[in-house]
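Counting starts at 1 for both ligands and their atoms, following the listed order.
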Amino acid sequence: MKTNCYLWPIYFYLLLHYVCADSIEEKIRNDPDLSEFYALLEASQLANVTLQYKQVTIFAPTNSAFQMYGNLRDDPNTLVLYHMTSAPKRTDQLGTSSLSLYSELEGSPPVWITHRTGQYHDDIYVNNARLLFIQSNIMGTEKNGNEQVLHKIDEVLVPTRSQKSASKRLYNPTALEFLENYESLIQHPHRVRSFRQKVQQFNKQDIFKTEGGHTFFIPVDEGFKNERAAFIDEKIIDGHVIPKQVLFTNPTKKDAPFQTLANGDNDIRVVILFTQEQRGSTIINYVKSHTLLGDGKHTQGVVLAEIVKANIPVKNGVIHLIQKPLMVVDSTVKDLLQEKDGGILNNFVNAIKDMGMEGEEFLNKLERSHDITLFAPCNKALEGDLTLNSILRDKQRFLDILNMHLVVDNRLYVEKILKHNRNKIFQAHTLSRGKNLYFNVVDSGTNRTMSVEGGGVNATVVQSDLAATNGIIHIIDRVLGVPCTTIWDKLRTDPMLNSTFYLGNLQGFNRQLNDTKRKFTYFVPRDKAWTDARVLFPSTIKKLFMHEFAYHATRILERHLIISDVNEPPYTIERIKQLTTNRTNRSYGGFLDVELPTVRGSLKLFIEERPNNTYVINWRGEQIHVFRPNVECTNGIIHVIDLPLLQERDVRVNRATKKHVTYLLALVCVFIKLF
Ligand SMILES: *[C@@H]1O[C@H](CO)[C@@H](O)[C@H](O)[C@H]1NC(C)=O
Ligand SMILES: *[C@@H]1O[C@H](CO)[C@@H](O)[C@H](O)[C@H]1NC(C)=O
Ligand SMILES: *[C@@H]1O[C@H](CO)[C@@H](O)[C@H](O)[C@H]1NC(C)=O
Ligand SMILES: *[C@@H]1O[C@H](CO)[C@@H](O)[C@H](O)[C@H]1NC(C)=O
Ligand SMILES: *[C@@H]1O[C@H](CO)[C@@H](O)[C@H](O)[C@H]1NC(C)=O
Ligand SMILES: *[C@@H]1O[C@H](CO)[C@@H](O)[C@H](O)[C@H]1NC(C)=O
Ligand SMILES: *[C@@H]1O[C@H](CO)[C@@H](O)[C@H](O)[C@H]1NC(C)=O
Ligand SMILES: *[C@@H]1O[C@H](CO)[C@@H](O)[C@H](O)[C@H]1NC(C)=O
């Protein structure tokens, strides 16, 4: 564990505390960081008695925790007693899995302990508050010599109980009692009547009052707009409960699935995952239901709901109030985008709307089309980038870019892409003609990350499979089709293009690719192309990758690079093909090559389009498949190809050179012999 020297005075100070002060009360009093908590203690007669005469564990929130907490509406007795439990427990006695301790508060409402494996040590949480590691296990004794333990925590614990004014007072409500009496239990503008009604209608009260510790999600009334209530059935109510686990937002692993009660063998299966969005300095918590196995009534896919009030502790677990019901898929892709003002896709929707009519038309497309897959950039992807902003102002360009984010007639669930993408060859046509999307899914244990590349931008899918009635949405972290790297950077970072980058580095060929005052068109053989070429010309390829032959490697690469003026349009595959057509006179004898200027001489080739919308380069009688055309960069364009522009003849050039050397040597020998 790394320790910083400036922490030593603090350690020393703490050590002094352990040794010199003997009662917990004194230790709290002398700790400037617990002054707020001490003020509460002073105001509570009951806490005072506990502190003087009883065994106790105290979870003491620091002053900064109180600052976050803000309004102290609870009376000091209530608040302070909820931070005390009757048995003295050091951190090593707090168990290894989730368990509850009973607080000293009237009705003995539990506090919930969670362990979370950290980098250096386990983090322990009480409800949603974390125990401060080096400020835990502060021991003391009360008047009769009984043990007392103090742990400092980073959040104030708030008990769930009726206010004094309530007619029917509840001191330790279950989730069901919460549902039935929420008006008197929390101060929050939200209501949960609609969901309560549904629970009653289907007689599902039992699952909310089961003993033990569970996690309950309760959608608030605002989430029942339109006819949504009609969709709620027994299965969906089951899908709102995670049994036997008490999950508070902070300690719970993000994007890890938890089984819900909707977990039949043969019918639907639903898991719930916690997730977060960081917006500026605030973190917004979301929860998503993932219907893995759907049936006629329940659509496969993910429903994302913001947690509007998190971490309400109850007798049998914890409740989170959420913005809308999980599992219910009843809106179109368009409605889903626009659903919540200030939601996770707000910037994207606003950018579309700012286009005016064209934007409206695009949104209508998202409503009318069937089985669409929309790749929607998250808020952060659309923030504060100047080149991006200038592109967004160019309506035609932006529309083109929007269309590149949309695939129709194909719901591309992650599972589906994974199945089709064994050799990274899967591609999807977008609404933008000729612009395809390419995918990769990287599985690292439990962490599955999908990336999508479009127009040279490699974006990561941050939320996948969001379900709508007419398709799905994947939320991505970048806007596709807006190039932001030079060709040099693209080659450097793309793992598929490593070999060509490596060759270009041997003699500094790559350096020019960073120049933004030129425009390049670079035919880049992917790694597999070099591996395949190695089979065709084993010795040549082997040599090319050796430092001694760097000169040859550079000559070969030069053949692949076309340099034009910065103001010229780049040679997209379509443009090269068009040039080919213009110069072709079929009646005159078929195709003619297009001549493209390279660093040294020219590259003569022509392009054919295949029926499956892929392209083939014809070069010196070879047919080379274009693996990924039109990868846009800030200073040009890359076409990823399936074989290098290399021939047997290149091999012979090498042999010839060798032969010359041999002749030369022989000649020298002859000379030596002669004289
Ligand atoms: C608790 O009560 C005793 C006696 O009433 C008093 O001396 C002491 O200061 C109180 N302690 C706190 C923390 O308020
Ligand atoms: C995007 O980049 C990552 C890491 O650089 C890579 O593993 C992945 O294959 C790329 N995705 C696509 C679709 O090319
Ligand atoms: C999954 O992996 C990605 C990149 O490899 C990383 O950014 C992300 O934090 C990981 N997620 C989890 C839940 O571990
Ligand atoms: C890139 O290719 C070179 C040459 O084949 C190889 O030595 C190097 O390990 C590769 N780097 C990566 C990151 O794959
Ligand atoms: C390429 O340009 C970028 C920014 O202009 C710079 O950070 C980088 O170091 C350059 N790389 C090379 C190889 O010159
Ligand atoms: C190719 O021909 C088409 C129509 O015949 C024309 O519109 C286009 O401008 C020509 N392109 C070039 C680059 O000459
Ligand atoms: C094609 O070539 C023939 C024969 O030279 C010529 O008569 C004809 O005009 C050419 N067509 C075009 C479109 O150039
Ligand atoms: C398209 O067809 C060519 C042969 O015509 C084939 O080599 C290529 O793999 C096909 N591409 C896709 C994506 O189906």
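Residue Gln427 places every heavy atom at 4.0 Å or more from ligand 2.
For Tyr502, no nitrogen or oxygen atom sits less than 3.5 Å from a nitrogen or oxygen atom of ligand 4, counting backbone and side chain alike. Ligand 2 has no N or O atom lying under 3.5 Å from any N or O atom of Tyr438, backbone or side chain.
In this structure, atom 9 (O) of ligand 4 has no protein heavy-atom contact shorter than 4.0 Å.
Using a 4.0 Å cut-off between charged nitrogen and carboxylate oxygen, Asp489 and Arg492 count as a salt-bridge pair. Using a 4.0 Å cut-off between a side-chain N of Lys or Arg and a carboxylate O of Asp or Glu, Asp477 and Lys380 do not qualify as a salt bridge. Ion pairing between Lys395 and Glu358 holds under the 4.0 Å rule for side-chain N and carboxylate O.
Cation-pi check for Arg555 over Tyr551 is met; the charged atom lies under 6.0 angstrom from the ring centroid and within 45 degrees of its normal. Relative to the ring axis of Phe523, Arg559 does not place its NZ or CZ within 45° and under 6.0 Å from the centre.
Shortest contact from atom 1 (C) of ligand 4 to any protein heavy atom: Asn498 ND2, 1.6 Å.
In this structure a side-chain-to-backbone donor-acceptor pair under 3.5 Å is missing from Asp371 to Asp409.
Looking at Asn458 against ligand 2, only its side chain comes within 4.0 Å, counting heavy atoms.
Listed by number with element, the atoms of ligand 2 under 4.0 Å from a non-hydrogen atom of Ser451 are 1 (C), 8 (C), 10 (C), 11 (N), 12 (C), 13 (C). The atoms of ligand 2 that sit less than 4.0 Å from any heavy atom of Glu453 are 13 (C), 14 (O). Interface of Pro495 with ligand 2, defined as ligand atoms under 4.0 Å from a residue heavy atom, comprises 5 (O), 6 (C).
In this structure, Phe606 has its ring center at least 6.0 angstrom away from the ring center of Trp619.
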